[in-house]
A.B. asks: 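Just dropping this structure here.
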Amino acid sequence: MANITLKSPADIEKMRAACRLAAQTLEETAKILRVGMTTEEINTFVHEYTLAHHATPATLGYRGYPKSVCTSVNEVICHGIPGKQVLQDGDIINIDITSILDGWYGDVSATFYIGTPSPAAKNLVETTRECLQRGIDVVSPKARLEDIGAAIQAHAEGRGFSVVREFVGHGIGRNFHEAPQVLHVGRKGRGIRLLPGMIFTIEPMINQGMWQARILDDDWTAVTADGKLSAQFEHTILVTDTGCEVLTAFAAPLANSEIF
Ligand code: MF3
Ligand code: CO
Ligand code: CO
């Protein structure tokens, strides 16, 4: 695997800006979600918002991916392609946004409720949100890489859910995907030591049933092999001298992200 790049203070400023824009785009997208809209409308919003902020949607044309955002509904694990699908009351949807600003990449995603979720869907989504937070909580120069996956796996499996193995977090910077791969399963105390200046995503995909995935004929959409629900949250994280900084943190709680 290629070496892990450590970001300089100047690089980190660029990453802060790219990640802030990605997070802001997701916050604004959250506000337009409603029953009866299509995933294509989400794509149009993300595309136009990104261009209006002097950035580029990283997914558009990436290895042939045709759209400016990934929209993954219900049993879709990740890489759902926006299109004619109409969102229904009770759906859950992950929206994954990656912005390129001044040559630097910011990557963030969250799962949202469309209308009122079932108690089972809500349990999965809230547990997945907690899994990302558990992963973030261990990131510091005191930790090793697999500590992240170990924390996520313990929480997900403790709640009776499974952790997707086929897709992983990744280093990020001037490239969409860099070293290291960040697994969402692991054993505490294993893997490389984390160092200040590393930047990577943590993006656990958690399934209601079995962890195995299947790819649809469009060659992108990853669905659960058993057709049960899957949820995902993602942040881009900087390792600091004392812990970490969530570069894609939201300015305010996301609209439509939690039902009370
Ligand atoms: N944003 C995704 C990630 O978190 C990658 C999407 S690649 C695409 O790594 F081509 F499917 F858009
Ligand atoms: Co990512
Ligand atoms: Co992403």
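Note that ligands are numbered from 1 as they come in the structure, with each ligand's atoms numbered from 1 the same way. Quick note: numbers below take in every heavy atom, side chains included, and nothing from hydrogens, waters or symmetry partners.
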A.B. asks: His47 side chain to Asn43 main-chain N or O, any donor-acceptor pair under 3.5 Å?
C.D. replies: no
A.B. asks: Hey, are Glu178 and Asn175 close enough side-chain-wise for a donor-acceptor pair under 3.5 Å?
C.D. replies: yes
A.B. asks: Would you call Arg20 and Glu245 a salt bridge, using N to O less than 4.0 angstrom?
C.D. replies: no
A.B. asks: Check side chain to side chain contact (heavy atoms under 4.5 Å, CB included) between Lys142 and all other residues, then give those that pass, not counting sequence neighbours.
C.D. replies: Ser140
A.B. asks: Write out the protein residues near ligand 1, meaning a non-hydrogen atom under 4.0 Å from one of its atoms, in order of chain and number.
C.D. replies: Thr59, Tyr62, Tyr65, Cys70, His79, Asp96, Thr98, Asp107, His170, Phe176, His177, Glu203, Trp220, Glu234
A.B. asks: Would you please indicate if the ring centroids of His177 and Phe200 are separated by under 6.0 Å?
C.D. replies: no
A.B. asks: Take the Co ion (ligand 3) and tell me which protein N, O or S atoms are nearer than 2.8 Å.
C.D. replies: Asp96 OD1, Asp96 OD2, Asp107 OD1, Glu234 OE1
A.B. asks: When you check the side-chain N and O atoms of His235 and Thr248, is any donor under 3.5 Å from an acceptor?
C.D. replies: yes
A.B. asks: Running the 4.5 Å side-chain criterion over Ile, Leu, Val, Met, Phe, Trp and Tyr, what cluster does Phe167 land in, apart from itself?
C.D. replies: Ile77, Val164, Met205, Ile215
A.B. asks: If you group Ile, Leu, Val, Met, Phe, Trp and Tyr by side-chain heavy-atom gaps below 4.5 Å, do Ile100 and Trp104 land in one group?
C.D. replies: yes
A.B. asks: Under a single-linkage definition using a 4.5 Å side-chain heavy-atom cutoff for Ile, Leu, Val, Met, Phe, Trp and Tyr, are Leu21 and Tyr105 assigned to the same hydrophobic cluster?
C.D. replies: no
A.B. asks: Hydrophobic cluster membership, with links at side-chain heavy-atom distances under 4.5 Å among I/L/V/M/F/W/Y: are Ile237 and Ile199 in one?
C.D. replies: no
A.B. asks: Do any of the N/O/S atoms of His170, backbone or side chain, fall under 2.8 Å from the Co ion (ligand 2)?
C.D. replies: yes
